[in-house]
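In listed order, ligands and their atoms are each counted from 1. Position 1 is the first residue of the sequence, and the numbers go up from there.
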Amino acid sequence: MFTLRATDAGGVARTVSIQLGAAGDLPVVGDWNGDGLGDLGVWSPATAVFTQGRTLSPLTAAPAAARLEVSTVQFGQPRG
Ligand SMILES: [Ca+2]
């Protein structure tokens, strides 16, 4: 579970919780699509799958699912 916090130009802070991945996954953040906005990700040690959640817009009142585009890629070997 990621909890994101942003403050708008008027100084109003907003937090949004986003579920991505499963228990035991390792959180990763970066700018996967080069748009200047941080994106979320998780890597699963059990399956060696990297799940990217690319941010489609800054924090808004829109539901979290509408602001993320999720894809997966095999990365490395599963840890036994
Ligand atoms: Ca981005």
Side-chain angles (χ1 to χ4, degrees):
M1 177 73 72
F2 289 86
T3 300
L4 309 178
R5 182 179 187 273
T7 304
D8 68 17
V12 177
R14 175 175 295 146
T15 60
V16 175
S17 294
I18 298 174
Q19 178 65 47
L20 184 66
D25 289 355
L26 302 176
V28 185
V29 293
D31 184 5
W32 316 134
N33 57 1
D35 66 358
L37 300 173
D39 302 308
L40 308 176
V42 293
W43 184 76
S44 169
T47 62
V49 170
F50 175 57
T51 301
Q52 297 178 334
R54 290 176 299 281
T55 307
L56 300 177
S57 63
L59 289 179
T60 68
R67 293 180 292 103
L68 288 180
E69 179 180 273
V70 176
S71 65
T72 60
V73 62
Q74 190 73 34
F75 187 82
Q77 298 293 320
R79 295 183 184 166

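Applying the ring-ring contact (aromatic ring centres under 6.0 Å, His included) rule to pairs touching residues 2-47 yields Trp32-Phe50, sequence neighbours excluded.
Val70 and Leu40 fall within a single hydrophobic cluster, where Ile, Leu, Val, Met, Phe, Trp and Tyr are joined by side-chain heavy atoms under 4.5 Å apart, directly or via other members. Both Val42 and Val29 belong to a single network of hydrophobic side chains, linked directly or stepwise wherever heavy atoms of I, L, V, M, F, W or Y lie under 4.5 Å apart.
Counting only distances under 3.0 Å, and ignoring water, the protein N, O or S atoms around the Ca ion (ligand 1) are Asp31 OD1, Asn33 OD1, Asp35 OD1, Leu37 O, Asp39 OD1, Asp39 OD2.
Chaining together hydrophobic side chains whose heavy atoms lie under 4.5 Å apart leaves Val12 on its own.
Applying the side chain to side chain donor-acceptor pair (under 3.5 Å) criterion to Thr47, with sequence neighbours excluded, gives Ser44.
Within a 6.0 Å radius of CD in Gln77, other residues, nucleotides and ligands contribute 12 heavy atoms or fewer.
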